[in-house]
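This is the structure, below, for whatever I ask next.
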Amino acid sequence: MAGVDYTERIPNNVGLADNRRLLRALEEWQPRYLDWWREMGPDGYQAKQVYLRTAVSVDAQGWAHFDWVRMPDYRWGIFLAEPEPNRVIAFGEHKGTPAWPDVPGEHRGTLRRLIVTQGDTEPASVEQQRHLGRTCPSLYDLRNLFQVNVEEGRHLWAMVYLLHAHFGRDGREEAEALLQRRSGDSDKPRILGAFNEKTPDWLSFFMFSFFTDRDGKYQLAALAESGFDPLARTCRFMLTEEAHHMFVGETGISRVVQRTCEVMREQRTDDVRRHGAIDLATIQRYLNFHYSVSLDLFGSEISTNAANFYTAGVKGRFEETKKTDDHVLRDATYPVTQPDGETIRTVEEPALTALNERLRDDYIADCQRGVDRWNAVIKRHGIAAELRLPHRGFHRAIGNFAGLHVTPDGRVVSAAEWEARRAEWLPTPDDQVFITSLMTPVVEPGRYAGWIAPPARGINGQPLEFEYVRLAGE
Ligand SMILES: [Fe+2]
Ligand SMILES: [Fe+2]
């Protein structure tokens with residue numbers, strides 16, 4: 001059962017052939033998806049052969065399949081992780097009862113909203129990144145971008161399958177709407193703010209993959225605990241794809257930092273811009289921006305919605321089953337950071353309403369591990385500098401800190417003081433002009449742009465000079 005049938009029009013491991021109605025509905029959606037991909041997917045590379053990884057089964061070995069593919073021919077399909085026999089709900093008021101194979105009527109609206117919100121981010125990021133191919137720093141990076149893009153497309157398939165299979169007519173309408181909205185379009189924007197921002201350059205792309213895509217990882221991990229078993233299994237498989245996206249972001253920034261440090265050492269200066277590298281201060285400003293907009297994606301610190309999702313068994317915590325508490329949390333508390341006049345304090349709040357904050361904390365700890373690895377690169381070069389995650393209250397638009405002016409080191413200041421120092425903390429128009437000036441494409445196999453170090457190793461054991469995307473010929 002772990003194998004995926006690739007002879008079918010829609011590769012799947014959910015027995016689509018046995019459900020004619022669902023099969024027909026998805027086969028009708030498929031050409032509209034392809035229209036969307038051609039219109040909004042990677043600009044200019046649709047006819048090129050790309051060295052892509054495809055899932056041939058959902059177990060760990062199933063990822064070993066690499067081949068040359070034109071992106072519109074990528075076999076997008078529907079893959080769920082293997083069912084856990086006799087799975088029970090691990091938390092909330094239904095704790096210990098069998099997981100649901102179908103959507104319970106009373107949670108229909110909630111689950112649909114969660115699935116649509118998650119599903120909407122997938123095509124949104126493809127749209128945000130569609131022009132990046134034109135300025136790739138190497139064929140290796142170009143291939144990684146396209147791998148992420150086709151997998152985000154597959155994540156849309158994953159959510160659309162759930163909508164079609166479990167939500168009837170409403171689900172089919174939502175599946176259409178997912179192809180209609182457009183990132184950054186004022187008339188029909190994508191649902192979440194960060195997914196309407198531009199990803200105009202590769203520094204932003206790596207930051208997005210590290211910070212914003214990582215929010216996706218944590219949302220998927222919480223949904224992978226859901227009592228609604230098809231959602232849990234879908235998300236568990238998506239997480240295996242997500243790991244590669246995290247890799248692209250983390251190693252991308254790490255390579256930028258490495259190149260910066262090399263130039264700082266060679267030229268004996270912090271002012272590396274003149275030598276075509278990105279100064280650490282600019283990297284820090286991009287980090288501050290992408291981190292803060294990504295923190296907002298977790299929602300308000302105190303949320304009755306989050307409490308209700310949990311108690312209902314719809315959305316769990318990160319690594320719910322590994323936690324040793326009662327998994328009901330009725331009497332538990334959780335520390336929440338909040339402003340109190342001019343100061344910022346941590347207070348105990350009911351754990352149920354603080355679940356967004358708890359997921360954000362897990363996310364922050366994960367981000368910090370990546371920053372530590374970047375700092376190890378700086379240290380290895382004998383440079384006394386550090387990248388830092390700004391305070392969680394910095395530059396926030398949602399939750400306790402919205403409307404406040406918090407510095408990266410966590411002081412509440414006046415609007416005037418904050419604005420006066422904005423250019424120290426967030427990317428400036430001048431930064432953007434500089435970063436844009438570096439974005440000239442490098443497409444000879446084995447060559448890398450001057451602002452980024454080559455990767456430590458190639459993809460799937462291939463050498464760095466491998467032709468990861470065949471640009472000549474079609
Ligand atoms: Fe995704
Ligand atoms: Fe992703």
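Residue indices begin at 1 and follow the sequence shown. Just follow the structure's listing: the first ligand is 1, and inside any ligand the first atom is 1. Keep in mind that what you see is a predicted model, and the values were worked out from it rather than measured.
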Checklist entry - Does any pair with a residue in residues 204-214 pass side-chain hydrogen bond (donor to acceptor under 3.5 Å, both in side chains), and if so which ones, sequence neighbours excluded? => result D201-S204, T212-S294, D213-H245, R214-D366
Next on the checklist: Does K198 have more than 12 heavy atoms from other residues, nucleotides or ligands lying within 6.0 Å of its NZ?
Outcome noted: no
Checklist outcome for this item: Checking Y363, F298, F91, Y218 against F318 for ring pair (Phe, Tyr, Trp, His ring centres under 6.0 Å), the one that qualifies is Y218
Checklist entry - For K322, does the NZ atom sit with more than 12 other heavy atoms under 6.0 Å from it, leaving out its own atoms? => result no
Next on the checklist: So, with waters excluded, how many protein N/O/S atoms does the Fe ion (ligand 1) have closer than 2.8 Å?
Outcome noted: 3
Next on the checklist: Could you work out, with side chain to side chain contact (heavy atoms under 4.5 Å, CB included) as the rule, every residue matching I398, not counting sequence neighbours?
Outcome noted: D296, S300
Item to check | Under the side chain to side chain contact (heavy atoms under 4.5 Å, CB included) test, residues paired with H131 that sit two or more places apart | outcome: D43
